[in-house]
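Below: one structure, written as structure tokens.
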Amino acid sequence: MVGAGVVGASVAFHLRRLGVGKVTLVERRARGVRCDRPVGCALVRTHYTNDPEASLAIAALPWFTEWADRVGGDCGFVRTGFVQLVGVDDTKLLRENVKSLQRLGATTETLAASDIRAVVPGLAVADDESAAYEPESGYADPVATTRGLVDAARRLGADVRENCSVDGLLTAGGHVVGVATNDGPINAEVVVLANGAWSNALTRPLGLDLPITATRAQAAVVRRPAPLVGIAGHPAVIDRRNGIYARPYDADRTLVGMSSSNADTLSDLDDVPVAPGFAERARDRLAEAFPAFSGQPISHTQAGPLDVTPDHCAILGPVDGIDGLVLAVGMSGSGFKKAPAIGACLAELIQDGQATSADLRPFSYHRFARGAQIERRDYRMGAGGGTALVH
């Protein structure tokens with residue numbers, strides 16, 4: 001297992017949970033966690049505009065809500081509820097997507113403006129606007145979640161190797177048989193790549209060029225005004241009208257990102273600065289949604305790389321012609337909330353030859369060559385346009 005971010009840690013945990021023999025989790029940084037400086041919003045919700053991703057998110061939600069019993073410890077999940085806001089022109093599409101989500105088993109409904117104001121005090125909503133609402137959703141602590149999965153994998157017998165960098169994939173007879181590391185070779189019947197934008201450096205020597213672009217993810221943490229204090233001070237929100245996503249960061253701060261701010265391609269994956277002026281723009285857009293945030297102090301910012309695919313959906317599963325290799329890359333900024341289900345599915349696939357927690361077939365690497373990219377019933381983006389990447 002290459003990469004101890006939340007997805008890699010989840011795969012390792014689920015492999016040991018299912019009783020798969022020797023599992024080695026390799027991470028080039030210390031503490032076995034690639035999430036000490038999280039850049040995503042860590043929302044936990046099920047609202048997607050395509051069935052494959054929604055199915056994974058629905059399968060993952062109970063892992064967060066029942067974390068202590070299923071994994072052990074505390075992932076920092078806070079049930080705030082989740083609200084998806086769209087422009088008036090997308091009201092019909094929103095209702096159609098909610099019906100699709102309900103059919104898949106999500107707990108969600110469409111709210112009129114008066115109901116939105118009751119659920120989210122302080123949110124600016126016009127009388128003709130609508131939203132989707134998930135009462136069971138919220139957010140979690142990305143560091144606690146990742147470390148919790150690493151610790152659980154270790155308790156179940158996984159070998160976690162920190163400060164161990166993978167320099168290449170070992171092959172024999174056309175099969176991947178392990179990895180070369182700075183601590184020497186590690187042999188394995190199956191190698192799972194869960195190292196995000198760094199994965200192409202390992203696959204290209206095999207003639208496998210992954211359709212992944214590294215782009216900047218960034219977020220700002222803003223002081224929250226007094227009416228909205230508390231770790232559940234307001235629901236987690238994606239506001240397509242204003243091009244933002246936000247959730248409580250702690251008792252008196254809110255994390256906010258801009259959905260249209262992640263288009264620039266990165267050349268250095270290890271040193272990703274926040275773009276000049278980003279924090280103020282994000283705060284100002286947040287104030288369009290929640291007027292009480294106008295002029296609120298900015299606590300800090302954070303940035304890092306995303307591994308983005310052409311259809312903004314993950315690449316999950318084996319690759320035809322390269323036995324022994326399984327991919328868990330291309331999360332496109334939305335891997336966190338789906339990570340428990342991705343780990344379960346890939347562990348099932350490795351152990352039994354088929355994923356049962358959700359259907360992974362739409363996420364095949366080969367979908368791009370076959371013209372079968374995942375289609376999204378997506379909403380228009382206000383406040384400057386763009387495409388939502390970090391949720």
Side-chain angles (χ1 to χ4, degrees), residues 1-38 71 142-143 145-172 175-206 208 210 212 214 269-270 304-305 307 314-319 322-331 335-336 339-340 342-347 349-351 365:
M1 175 65 54
V2 180
V6 67
V7 172
S10 177
V11 178
F13 162 70
H14 283 289
L15 284 169
R16 288 302 303 145
R17 181 181 66 85
L18 294 182
V20 173
K22 182 174 176 58
V23 175
T24 303
L25 179 61
V26 178
E27 170 56 44
R28 68 191 181 99
R29 294 192 175 108
R31 292 192 298 276
V33 173
R34 241 178 353 102
C35 202
D36 289 330
R37 291 179 296 169
V71 180
V143 175
T145 299
T146 307
R147 289 179 178 168
L149 289 166
V150 171
D151 291 344
R154 185 184 280 116
R155 287 195 304 271
L156 292 173
D159 178 11
V160 180
R161 303 194 185 184
E162 305 162 6
N163 292 311
C164 183
S165 61
V166 173
D167 303 318
L169 299 174
L170 302 176
T171 61
H175 297 252
V176 173
V177 295
V179 295
T181 79
N182 61 331
D183 287 337
I186 301 174
N187 297 322
E189 294 183 13
V190 176
V191 173
V192 180
L193 292 187
N195 58 333
W198 289 266
S199 55
N200 247 325
L202 298 178
T203 62
R204 281 182 179 139
L206 305 182
L208 179 62
L210 300 174
I212 288 174
L269 302 181
D270 293 307
D307 49 333
I315 302 172
L316 305 173
V319 178
I322 307 180
D323 293 339
L325 178 65
V326 172
L327 300 175
V329 296
M331 298 299 151
F336 177 81
I342 290 173
C345 288
L346 289 176
L349 182 69
I350 292 168
Q351 166 112 323
Y365 160 78

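For this chain, numbers begin at 1 and follow the sequence in order.
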What are the two closest heavy atoms between Leu316 and Ala328, and how far apart are they?
-> CD2-CA, 3.8 Å
Pairing of Glu27 and Arg147 as salt bridge, 4.0 angstrom limit = no
Write down the atom of Pro142, the atom of Thr146, and the distance for their closest heavy-atom approach.
-> O-OG1, 2.8 Å
State the CD1-NE2 distance between Ile350 and His14, to the nearest 0.5 angstrom.
-> 12.0 Å
Hey, is the main chain of Ala339 close enough, under 3.5 Å, to the side chain of Ser10 for a donor-acceptor pair?
-> yes
Considering all heavy atoms of both residues, which atom of Asn187 and which atom of Leu170 are nearest to each other, and what is their separation?
-> OD1-CD1, 4.3 Å
Positive for side-chain contact (heavy atoms from CB on, under 4.5 Å) with Val26, one of Val166, Asn163, Val160 = Val166
Hey, what do you get for CG (Leu193) to CG (Leu210), rounding to the nearest 0.5 Å?
-> 8.0 Å
Say you draw a straight line from NE2 of His175 to CG of Asp323; how long is it, rounded to the nearest 0.5 Å?
-> 4.5 Å
Over all heavy atoms of both residues, which pair between Ala194 and Val7 is shortest? Give the atoms and the distance, please.
-> CB-CG1, 4.4 Å
How long is the gap from NZ on Lys22 to CG on Leu15, to the nearest 0.5 Å?
-> 13.0 Å
Is Thr181 reaching over with its side chain to a backbone N or O of Cys164, donor-acceptor style, under 3.5 angstrom?
-> no
For residues Val20 and Val190, determine if any side-chain heavy atom of one lies less than 4.5 Å from a side-chain heavy atom of the other.
-> no
Using a cut-off of 6.0 Å, state whether more than 12 heavy atoms not belonging to Glu189 lie near its atom CD.
-> no
If every non-hydrogen atom of Ala214 is compared with every non-hydrogen atom of Ala197, which pair is closest and at what distance?
-> CB-CB, 4.0 Å
Please tell me if the side chains of Leu206 and Val176 come closer than 4.5 Å, counting only heavy atoms from C-beta onward.
-> yes
Minimum heavy-atom distance Pro318-Leu349, with the two atoms named = CD-CD2, 3.6 Å
Among all residues two or more places apart in sequence or in another chain, which pass the side-chain contact (heavy atoms from CB on, under 4.5 Å) test with Leu156?
-> Phe13, Arg16, Arg17
All side chain to side chain donor-acceptor pair (under 3.5 Å) counterparts of Thr171, not counting sequence neighbours = none
Spacing of Ile212 atom CD1 and Thr203 atom OG1 [to the nearest 0.5 Å] = 7.5 Å
Output for pair (Asn195 CG, Ser165 OG), nearest 0.5 Å, gives 11.5 Å
